[in-house]
Amino acid sequence: MDKKIIFTQKELQLLYAACMSYGDKLSDISKKIPNESESVLYSLSVRAEESWNLAKKIIECLNNRDKEKEKVCPHCMEENIILWNDEKNGYEVICLHCGEKIMLRDLDAIENKQEGKKNL
């Protein structure tokens with residue numbers, strides 16, 4: 001049975017940091033253990049490498065995933081958090097609260113004006 005777990009960008013960043021830290025700690029431990037057998041040192045270095053490889057996969061996932069957008073619906077004024085890729089999904093979404101259509105380009109233009117940016 002295939003089950004998917006959906007992580008937010010923040011959660012993936014935390015997992016990445018944890019994997020890197022764990023790999024670094026294992027590597028440090030293997031260097032500091034005096035008079036340890038080769039098999040234990042090898043096992044620690046393999047585990048560190050596995051942890052770093054998982055961190056690399058997490059970075060690839062972060063780089064290839066849809067971006068998380070936080071948009072306020074102009075109809076009901078409720079915040080929507082949407083995983084979105086403009087190229088794949090276009091610029092129109094449905095509000096998760098009221099069901100009205102939201103044009104992302106229009107919202108981006110409004111946000112840019114509010115921030116004092118020019119809409120290109």
Side-chain angles (χ1 to χ4, degrees):
M1 176 178 2
D2 284 342
K3 289 188 177 185
K4 287 187 177 184
I5 299 174
I6 299 173
F7 292 104
T8 66
Q9 190 156 349
K10 218 178 247 188
E11 289 169 332
L12 286 172
Q13 289 168 340
L14 286 170
L15 286 169
Y16 167 79
C19 289
M20 288 300 292
S21 178
Y22 183 64
D24 291 345
K25 286 195 187 295
L26 289 176
S27 179
D28 289 344
I29 289 169
S30 71
K31 293 174 187 172
K32 293 178 182 176
I33 297 177
N35 304 322
E36 194 56 57
S37 69
E38 283 291 316
S39 63
V40 171
L41 294 176
Y42 177 75
S43 178
L44 286 171
S45 67
V46 166
R47 286 290 224 190
E49 192 67 34
E50 288 172 345
S51 185
W52 290 325
N53 286 336
L54 180 55
K56 287 178 193 174
K57 286 183 180 181
I58 292 169
I59 284 294
E60 288 172 13
C61 181
L62 278 167
N63 291 336
N64 293 327
R65 79 183 315 217
D66 297 339
K67 300 298 179 206
E68 200 172 89
K69 294 184 180 232
E70 296 178 22
K71 299 294 179 183
V72 174
C73 175
H75 307 287
C76 68
M77 302 309 290
E78 292 289 332
E79 185 176 271
N80 291 270
I81 299 175
I82 306 161
L83 290 179
W84 205 257
N85 181 316
D86 295 338
E87 291 177 13
K88 286 194 285 187
N89 306 108
Y91 296 96
E92 183 179 287
V93 297
I94 302 297
C95 175
L96 303 172
H97 303 282
C98 70
E100 292 288 329
K101 288 182 183 178
I102 304 172
M103 297 301 294
L104 295 177
R105 281 192 173 184
D106 294 343
L107 289 178
D108 288 341
I110 291 167
E111 288 172 3
N112 287 340
K113 280 185 182 178
Q114 289 172 347
E115 294 174 9
K117 296 178 182 176
K118 290 184 180 177
N119 188 14
L120 301 176

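Since the structure is predicted, the reported quantities are computational estimates derived from the model, not experimental observations.
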Using modelled atom types only, decide if a donor and an acceptor are shared between the side chain of His97 and the backbone of Met77 within a distance under 3.5 Å.
no

Measuring from [X]:[atom1] to [Y]:[atom2], what's the distance to the nearest 0.5 Å?
X	Y	atom1	atom2	value
Glu79	Cys95	CD	SG	11.0 Å
Met103	Lys71	CE	NZ	12.5 Å
Ile94	Glu100	CD1	CD	8.5 Å
Ile33	Asp28	CD1	CG	11.0 Å

Could you check if a side-chain atom of [X] sits within less than 4.5 angstrom of a side-chain atom of [Y], using non-hydrogen atoms only?
X	Y	value
Trp52	Ser27	yes
Ile81	Thr8	no
Glu92	Ile102	no
Val93	Asn80	no

If Ile, Leu, Val, Met, Phe, Trp and Tyr residues are connected whenever their side-chain heavy atoms lie under 4.5 Å apart, and connections chain through other members, are Leu26 and Leu54 in the same group?
no

Is there a chain of hydrophobic side chains (I, L, V, M, F, W, Y, each step under 4.5 Å between heavy atoms) that links Ile59 to Leu12?
yes

Test Phe7 against every option in Leu62, Leu14, Leu15, Ile58 by the side-chain contact (heavy atoms from CB on, under 4.5 Å) rule and name the one that passes.
Leu15

Salt bridge present between Glu50 and Arg47 (N-O < 4.0 angstrom):
yes

For Gly23 and Ser51 the tightest heavy-atom approach is N-OG, 3.5 Å

